[in-house]
Amino acid sequence: MSELGGLLPRDFYARAAHEVAPELLGRLLLREEEGPDGPLLLRITEVEAYEGAIDPASHGFRGPTARNATMFGPPGHLYVYWIYGMHHAANLVCGDVDESHGVLIRAGEVVQGRPRAIHRRPNAKQHTELARGPGRLTLALDIDRSLDGTDVCDPGAAVRVYRGTPLPASAVRSGPRTGVSKAHETPWRFWAADDRTVSPYRRHVPKKRAAQA
DNA sequence: TTACAGATGAACT
DNA sequence: GTTCATCTGTAAC
């Protein structure tokens, strides 16, 4: 398909996450699938940047663990983690090896393969809800920990990122990150202006107290 | 619009 | 052992 515009090269990711993040808006995330229907295609509309050792909100802040090992590897790979015991979230590893920079893919618009996304997300009332939010997005695209470490620059990979049509800077908005308890003031959430597939902002819920007996 | 339950892994004491 | 996390669906205001 010509609209894909070719794979984004690894160099694209080999920069600070907050530089890469806004340039990912409008790009196309391709999810390869078995069967005759061909791949799913998602146009990225919302992302958040996390920057390793200098960013207390990043999974990489306290150093490598079994879960976040992928973040400490080379850029251009997919970091998938399991959160709150019920959702997956997908990041693209940025920066250099050991820097543990990442860009969380928060939301997007399913532009191809929509019936399959609807099948996986029966609760979605409109197509704009199919991948509106990081947990919903991974559900719609059937992304889980088995895809952790996928090289999105590899033409044969199950998940890849294509150039698509990047958003002009004038159509990019930024603000505080969602659901993050630390470094809340850092405006490293980026989204496409006036796009209905962008998730609603939810500030961090300070704490959940167990009910007193 | 705001608040909370829910399930699991990882970090922390 | 305890606390909390890059969240979502549902319910009460």
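Chain naming here is simple, since letters A, B, ... match the order of the sequence lines and numbering starts at 1 in each. As the structure is a prediction and not an experimental result, all values here were calculated from the model.
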(request) Before accepting this row, confirm whether a basic side-chain N of the pair A/R121/A/E129 lies closer than 4.0 Å to the acidic partner's carboxylate O. (result)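 Salt bridge absent between A/R121 and A/E129.
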(request) For nucleotides 8-13 of chain B, just jot down a letter per nucleotide in 5' to 3' order: B, S or -, based on protein non-hydrogen atoms under 4.0 Å. (result) B-SSS-
Name all residues meeting the side chain to side chain contact (heavy atoms under 4.5 Å, CB included) criterion together with [X]; count only those two or more places apart in sequence or in a different chain, and write none if there are none.
X: A/V111; answer: A/L28, A/L41, A/R43, A/E109
X: A/R163; answer: A/L8, A/P9, A/R27
X: A/P168; answer: A/S170, A/A171

Rounded interatomic separation in angstrom, taking [atom1] from [X] and [atom2] from [N]:
X: A/R189; N: C/dC7; atom1: CZ; atom2: P; value: 11 Å
X: A/Y201; N: C/dT8; atom1: OH; atom2: P; value: 14 Å
X: A/L130; N: C/dT8; atom1: CG; atom2: P; value: 14 Å
X: A/E48; N: C/dC7; atom1: CD; atom2: C1'; value: 12 Å
X: A/Y81; N: C/dA5; atom1: OH; atom2: C1'; value: 9 Å

(request) Give DNA chain B the dot-bracket treatment, 5' to 3': Watson-Crick (N1-N3 with N6-O4 or O6-N4) or G-U (N1-O2, O6-N3) under 3.5 Å, [ ] crossing, | other strand. (result) ||||||.|||||.
For residues 19-26 of chain A, run the donor-acceptor check on the side chains, cut-off 3.5 Å, and write out each pair with its distance to 0.1 Å, sequence neighbours left out.
| unit_1 | atom_1 | unit_2 | atom_2 | d |
| --- | --- | --- | --- | --- |
| A/E23 | OE1 | A/R15 | NH2 | 3.2 |
| A/E23 | OE2 | A/R15 | NH1 | 3.2 |

(request) Only counting residues at least two apart or in another chain, list the ones meeting salt bridge (Lys or Arg N to Asp or Glu O under 4.0 Å) with A/R136. (result)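 Scan of A/R136 (salt bridge (Lys or Arg N to Asp or Glu O under 4.0 Å), adjacent residues dropped) gives none.
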(message) My understanding is that only residues two or more places apart in sequence, or in another chain, count here; which of them pass ring-ring contact (aromatic ring centres under 6.0 Å, His included) with A/H127?
(response)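 Applying ring-ring contact (aromatic ring centres under 6.0 Å, His included) to A/H127 gives none.
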(request) List for me each residue that meets ring-ring contact (aromatic ring centres under 6.0 Å, His included) alongside A/F12, sequence neighbours excluded, and say none if there are none. (result)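 By the ring-ring contact (aromatic ring centres under 6.0 Å, His included) rule, A/F12 matches no residue at all.
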Donor-acceptor pairs under 3.5 Å, side chain of residues 142-151 of chain A to any protein atom, not counting sequence neighbours: which ones?
| unit_1 | atom_1 | unit_2 | atom_2 | d |
| --- | --- | --- | --- | --- |
| A/D144 | OD1 | A/S146 | N | 2.8 |
| A/D144 | OD1 | A/S146 | OG | 2.5 |
| A/R145 | NE | A/V80 | O | 3.0 |
| A/R145 | NH2 | A/R67 | O | 3.1 |
| A/R145 | NH2 | A/V80 | O | 3.4 |
| A/R145 | NH2 | A/D148 | OD2 | 3.0 |
| A/D148 | OD1 | A/T70 | OG1 | 3.2 |
| A/D148 | OD1 | A/V80 | N | 3.0 |
| A/D148 | OD2 | A/T70 | OG1 | 2.8 |
| A/T150 | OG1 | A/L147 | O | 2.6 |
| A/D151 | OD1 | A/R10 | NH1 | 3.2 |
| A/D151 | OD1 | A/R10 | NH2 | 3.3 |
| A/D151 | OD1 | A/C153 | N | 2.9 |
| A/D151 | OD2 | A/R10 | NH2 | 2.9 |

Give me the distances for all protein-to-nucleotides 9-13 of chain C N/O pairs that come in under 3.5 Å?
| unit_1 | atom_1 | unit_2 | atom_2 | d |
| --- | --- | --- | --- | --- |
| C/dG9 | OP1 | A/R121 | NH2 | 2.9 |
| C/dG9 | OP2 | A/R136 | NE | 2.8 |
| C/dG9 | OP2 | A/R136 | NH2 | 2.5 |
| C/dG9 | O6 | A/R202 | NH1 | 3.0 |

(request) Mark yes or no for whether A/R196, through its side chain, and A/T128, through its backbone, hold a donor-acceptor pair below 3.5 Å. (result)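 Between the backbone of A/T128 and the side chain of A/R196 there is no qualifying donor-acceptor contact (under 3.5 Å).
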(message) Filter on ring pair (Phe, Tyr, Trp, His ring centres under 6.0 Å), then keep only pairs touching residues 14-45 of chain A, sequence neighbours left out; what's left?
(response)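 Sorted result for residues 14-45 of chain A: A/H18-A/W188.
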